[in-house]
Participant: 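Quick one: structure below, then a few questions.
Just so it is clear, the structure is predicted and the values come from calculations on it, not from any experiment. Here is how names work: the chains are called A, B, and so on, in the same order as the sequence lines, proteins then strands, and each is numbered from 1.
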2 protein chains.
Amino acid sequence: MNDPIPSDEQLLGFFKAMADANRLKIIGLLTQSPRSVEELAALLDLRPSTVSHHLMVLSEAGLVNGRAQSYYNVYQMTSGALESMARRLLAQETLPQVAGSVDLNAYDRKVLADFLLPDGHLKTIPAQHKKREAILRHILKSFEPGVRYSEKQANEILERFHEDTATLRRELIAYKMLDRASGEYWRKTDTTEN
Amino acid sequence: MNDPIPSDEQLLGFFKAMADANRLKIIGLLTQSPRSVEELAALLDLRPSTVSHHLMVLSEAGLVNGRAQSYYNVYQMTSGALESMARRLLAQETLPQVAGSVDLNAYDRKVLADFLLPDGHLKTIPAQHKKREAILRHILKSFEPGVRYSEKQANEILERFHEDTATLRRELIAYKMLDRASGEYWRKTDTTEN
DNA sequence: AAATTAATTCGATGAATATCTAATTAATTT
DNA sequence: AAATTAATTAGATATTCATCGAATTAATTT
């Protein structure tokens, strides 16, 4: 009943198979009735070799299948293949998963590469939200979870990144990465960073 | 509730838009959250101009839309677009309709061109089912609906196609295109030919 | 056995298109 | 005001791929 989530290659193969006008017509014709290569070629005004190629693509995507019948090759829709694909597209978990192979830290790394000097100091503190956030996430790694730092200790760490330690402190609080009470600073526990 | 049947161009545009690995990744990322061109470019390791191009394709297919936010362009999924497409794919009437623009008589015409001499006579009577059928459908047009022909009259008509009138008569009966009783022949009424 | 026919495979060609760089535009920060 | 930044556009290049013709294979008809 539940279709498995298709792999990225399956998904891509499916869409590539459907992304051609003549292959769409073949699908349309085969949903009406099975047909031979020769017949499809006549109907679409294409060479049999071309139709053969299209049928190969469609069959590798699992959408059609052919059987030899005397010396004809008769192709038909693979029953349920298309419906199954459509249903998987509707499943909420399919699409987000396509981004699975994407390196979600790539953006942060790019920002770090743009703003960090070789010695680890910041060229500037980025003006833009997303980039400032990425930089602050990076700085936060220098604070051990569970440890409470005095303002002096905190400044010593922050100086390694930028002389304007006051701004860095304020921003770390604002972005809810650090907590402060009675002159002490500590890392919040709900961060998802390492 | 009922999505309209998409035009062939819409269908093709949709599949073409999805038929690229990087665009699939963009879709995957945007189903997680809206993102700017720059961010997508960093995540996919592509130039912003390339991402811009992909977003254009996706937006022309109606799948994503962008809004200017300060000087970023933030893109997001067009809500319901993908689901709507998937549901239309599931609709039984969508696919057969794709073949709508196909000339369904093209096959018969090809067979006629292959087997008819310029004067209308048959080179041979095709050995293969489908082709014999196509030829017989053609011959049948020379019989008026509602008229009863004697065997002699029938033969006069059939001779214009092939000397072996006995075979033609037999086959027309076998394929249920003509009926016979007490030495007379007439066209069956349930044929869909003109 | 020889000729015909359907289908596939292979190689070549041309069209579509993914990607990049460079130039341009528009908005923001300094 | 000048410099920076994000995005798009245009032009160039390279890759993918649809299509065809020719050669090959396999089955069928004569």
Participant: On DNA chain D, nearest-nucleotide positions of Arg47(A) versus Glu38(B): which is more 5'?
Facilitator: Glu38(B)

Participant: Rounded to the nearest 0.5 Å, how far apart are CG of Leu112(B) and CG of Leu122(B)?
Facilitator: 9.0 Å

Participant: Could you state the atom-to-atom distance from NE2 of His129(B) to P of dA6(C) in whole Å?
Facilitator: 14 Å

Participant: Taking the nucleotide of DNA chain C with the closest heavy atom to each, which residue, Val57(B) or Glu39(A), is nearer the 5' end?
Facilitator: Glu39(A)

Participant: Verify the neighbour count for atom CD of Glu163(B): are there more than 12 heavy atoms of other residues, nucleotides or ligands below 6.0 Å?
Facilitator: no

Participant: Check every atom of dT19(D), dT19(C), dT8(D) against the side chain of Pro48(B) and return the nucleotide holding the closest atom.
Facilitator: dT8(D)

Participant: Could you work out which one of dT29(C), dT8(C), dT28(D) sits closest to the side chain of Asn73(A)?
Facilitator: dT8(C)

Participant: Starting at NZ of Lys131(B) and ending at P of dT5(C), how long is that distance when rounded to a whole Å?
Facilitator: 7 Å

Participant: Is Arg35(A) reaching over with its side chain to a backbone N or O of Ile26(A), donor-acceptor style, under 3.5 angstrom?
Facilitator: no

Participant: Does the base of dT9(C) carry an N or O that pairs as donor and acceptor with the side chain of Ser52(A) under 3.5 Å?
Facilitator: no

Participant: Step by step, would you call Arg132(B) with Tyr175(B) a side-chain contact (heavy atoms from CB on, under 4.5 Å)?
Facilitator: CA-CA 10 Å; Arg132(B) 192 147 35 174; Tyr175(B) 281 97; 4.0 Å; yes

Participant: Provide, to the nearest angstrom, the distance between the OH atom belonging to Tyr72(A) and the C1' atom belonging to dT8(C).
Facilitator: 16 Å

Participant: Could you work out which one of dA7(D), dA18(C), dA18(D) sits closest to the side chain of His54(B)?
Facilitator: dA18(C)

Participant: Of Ile125(B) and Thr50(A), whose nearest nucleotide on DNA chain D comes first from the 5' end?
Facilitator: Thr50(A)

Participant: Separation of Leu46(B) atom CG from dT19(C) atom C1', in whole Å?
Facilitator: 8 Å

Participant: Applying a 4.0 Å non-hydrogen cut-off, can you work out what Ser49(A) is touching in the nucleic acid: base, sugar-phosphate, or nothing?
Facilitator: base

Participant: Need one value for Lys130(B): base, sugar-phosphate or nothing, where a base atom within 4.0 Å counts as base even if backbone is also close, heavy atoms only.
Facilitator: nothing

Participant: Let's see if you can work this out: which of dA7(D), dT19(C), dT5(D) has an atom nearest to the side-chain heavy atoms of Val37(B)?
Facilitator: dA7(D)

Participant: May I have the distance from Arg35(A) (atom CZ) to dA6(C) (atom C1'), rounded to whole angstrom?
Facilitator: 17 Å

Participant: Nearest of dA7(D), dA27(C), dT5(C) to any side-chain atom of Tyr71(B)?
Facilitator: dA27(C)

Participant: Rounded to whole angstroms, how far apart are OH on Tyr107(B) and P on dA6(C)?
Facilitator: 7 Å

